[in-house]
Engineer: 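Just passing along the structure, written as structure tokens.
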Amino acid sequence: IGLHFSREAGARRFFSMPVSNYRFFIPAGDSNREIDVVRRVPFDLVAYTLYPHMHMLAKDMTVWMEKPSGERVDLIRVSPWDSNWQRGYRLDRPLFIPEGSIVYVKAHYDNSSENPANPHRDKPIDVVFGQSSTDEMCVCTFGVTLAPPGDRELDEAEVYAALMTPET
């Protein structure tokens, strides 16, 4: 491997923008719980990667955006979900996401005893958001930069805070 380091800073800072739902409840026995996330984009952005993330009860995830013009852009659908094969996806080409666009995530979960991946298959339990693999998540993280001329006097901390703070 040959690593080359630049003597100059990169032209654009790379940020993560999670589109996440941290407040959900999947009742024991529910075989098709739907979890939704909606997030308004605070700046003009360019997306390079998507990283859908869920755990053992997950069935599928679909992510799309609606531009301020009303145009719908389908981004990714992972179905069926396999928690043993989670990965990031690099877009074929950078995707411009205009400020005010709305990103949607829709995911389905199977918390029944019929789900062979359910860690509590013998006796399903209620599940909420959490870090453990026996908890669940509903997250799609975007790898983004500010779109040119996105360096419009925005402080890096301001951008980070706006992208990392989930809407409630």
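For this chain, numbers begin at 1 and follow the sequence in order.
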Engineer: Do D36 and N21 touch side chain to side chain, with heavy atoms closer than 4.5 Å?
Structural biologist: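 In short, these two side chains do not touch, never coming nearer than 4.5 Å.
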
Engineer: Could you grab the distance from atom CG of D82 to atom CZ of R87, nearest 0.5 Å is fine?
Structural biologist: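 Between atom CG of D82 and atom CZ of R87 there are 13.0 Å.
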
Engineer: Indicate the atoms forming the closest heavy-atom contact of W81 with Q86, along with that distance.
Structural biologist: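 Smallest heavy-atom distance, with atoms named: CZ2-OE1, 3.3 Å.
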
Engineer: Which residues pass the salt bridge (Lys or Arg N to Asp or Glu O under 4.0 Å) test with D74, not counting sequence neighbours?
Structural biologist: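 Salt bridge (Lys or Arg N to Asp or Glu O under 4.0 Å) check on D74 returns R72.
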
Engineer: Output all residues satisfying salt bridge (Lys or Arg N to Asp or Glu O under 4.0 Å) with K67, sequence neighbours left out; order by chain, then residue number.
Structural biologist: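 Applying salt bridge (Lys or Arg N to Asp or Glu O under 4.0 Å) to K67 gives E71.
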
Engineer: Taking the side chain from R40 and the backbone from G100, do they hold a donor-acceptor pair closer than 3.5 Å?
Structural biologist: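 Answer holds: yes.
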
Engineer: Does the T49 side chain pair with the main chain of G143, one donor and one acceptor, at a distance under 3.5 Å?
Structural biologist: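 Yes, T49 side chain to G143 backbone: donor-acceptor pair under 3.5 Å.
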
Engineer: Residues in salt bridge (Lys or Arg N to Asp or Glu O under 4.0 Å) with E66, at least two apart?
Structural biologist: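 Testing E66 for salt bridge (Lys or Arg N to Asp or Glu O under 4.0 Å), a comparison that skips the adjacent residues, returns none.
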
Engineer: Rounded to the nearest 0.5 Å, what separation is found between the CG atom of L75 and the CD1 atom of I97?
Structural biologist: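 The CD1 atom of I97 is 6.5 Å from CG of L75, to the nearest 0.5 Å.
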
Engineer: Could you note down all residue pairs passing ring pair (Phe, Tyr, Trp, His ring centres under 6.0 Å) where residues 89-120 supplies at least one of them, sequence neighbours left out?
Structural biologist: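 Found W64-Y104.
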
Engineer: Test L45 against every option in V144, T145, L95 by the side-chain contact (heavy atoms from CB on, under 4.5 Å) rule and name the one that passes.
Structural biologist: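 Looking at V144, T145, L95, the match for L45 under the side-chain contact (heavy atoms from CB on, under 4.5 Å) is V144.
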
Engineer: Could you pull out the closest heavy-atom pair between N111 and P124, with the gap in Å?
Structural biologist: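 The pair with the smallest heavy-atom distance is O-CB, 3.4 Å.
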
Engineer: Counting distance only, does the side-chain N/O of D126 pair as donor-acceptor with the main-chain N or O of A28 below 3.5 Å?
Structural biologist: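 Side chain of D126 to backbone of A28: a pair is present.
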
Engineer: Under 4.5 Å between side-chain heavy atoms, counting indirect links through other Ile/Leu/Val/Met/Phe/Trp/Tyr residues: same cluster for M56 and V128 or not?
Structural biologist: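 No; tracing contacts between hydrophobic side chains, which count when under 4.5 Å, never links both residues.
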
Engineer: So, the side chain of N118 versus the backbone of S112: is there a donor-acceptor pair under 3.5 Å, distance only?
Structural biologist: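 Judged by distance alone, yes, a pair lies under 3.5 Å.
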
Engineer: R39 side chain to P18 main-chain N or O, any donor-acceptor pair under 3.5 Å?
Structural biologist: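 Yes: the side chain of R39 pairs with the backbone of P18.
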
Engineer: Do V19 and V63 make a side-chain contact, defined as non-hydrogen atoms from C-beta onward lying under 4.5 Å apart?
Structural biologist: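 Side chain of V19 against side chain of V63, heavy atoms only: no contact under 4.5 Å found.
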
Engineer: Quick one: pull up OG in S31 and CD1 in I26 and give me the separation to the nearest 0.5 Å.
Structural biologist: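 Spacing of OG (S31) from CD1 (I26) equals 12.0 Å.
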
Engineer: Could you tell me whether a side-chain N or O of D135 sits under 3.5 Å from a main-chain N or O of F129, the two making a donor and an acceptor?
Structural biologist: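 Flag not set: sc D135 to bb F129 has no pair under 3.5 Å.
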
Engineer: Quick one: list whatever passes ring-ring contact (aromatic ring centres under 6.0 Å, His included) with F25, sequence neighbours left out.
Structural biologist: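 In terms of ring-ring contact (aromatic ring centres under 6.0 Å, His included), with neighbours along the sequence ignored, F25 is linked to no residue.
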
Engineer: What pair of heavy atoms forms the shortest contact from M61 to C140, and how long is it?
Structural biologist: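 What the structure gives for the nearest pair is SD-CB, 4.2 Å.
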
Engineer: Taking the side chain as everything from C-beta on, heavy atoms only, tell me whether P98 gets closer than 4.5 Å to V41.
Structural biologist: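 P98 does not reach V41 side chain to side chain.
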
Engineer: Determine the sole option in V139, V37, V105 for which the side-chain contact (heavy atoms from CB on, under 4.5 Å) test with S20 is passed.
Structural biologist: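 In the set V139, V37, V105, the residue that makes a side-chain contact (heavy atoms from CB on, under 4.5 Å) with S20 is V139.
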
Engineer: Work out which heavy atom in D44 is nearest to a heavy atom in E99; give both atom names and the distance.
Structural biologist: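 Looks like OD1-N, 2.7 Å.
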
Engineer: Name all residues meeting the salt bridge (Lys or Arg N to Asp or Glu O under 4.0 Å) criterion together with D30; count only those two or more places apart in sequence or in a different chain, and write none if there are none.
Structural biologist: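 For D30, the residues satisfying salt bridge (Lys or Arg N to Asp or Glu O under 4.0 Å) (neighbours in sequence not counted) are R33.
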
Engineer: Backbone N or O of M54 within a donor-acceptor pair of the E136 side chain at under 3.5 Å?
Structural biologist: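 Side chain of E136 to backbone of M54, a donor-acceptor pair under 3.5 Å: no, none is there.
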
Engineer: Backbone N or O of S83 within a donor-acceptor pair of the H55 side chain at under 3.5 Å?
Structural biologist: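 A pair under 3.5 Å: no.
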
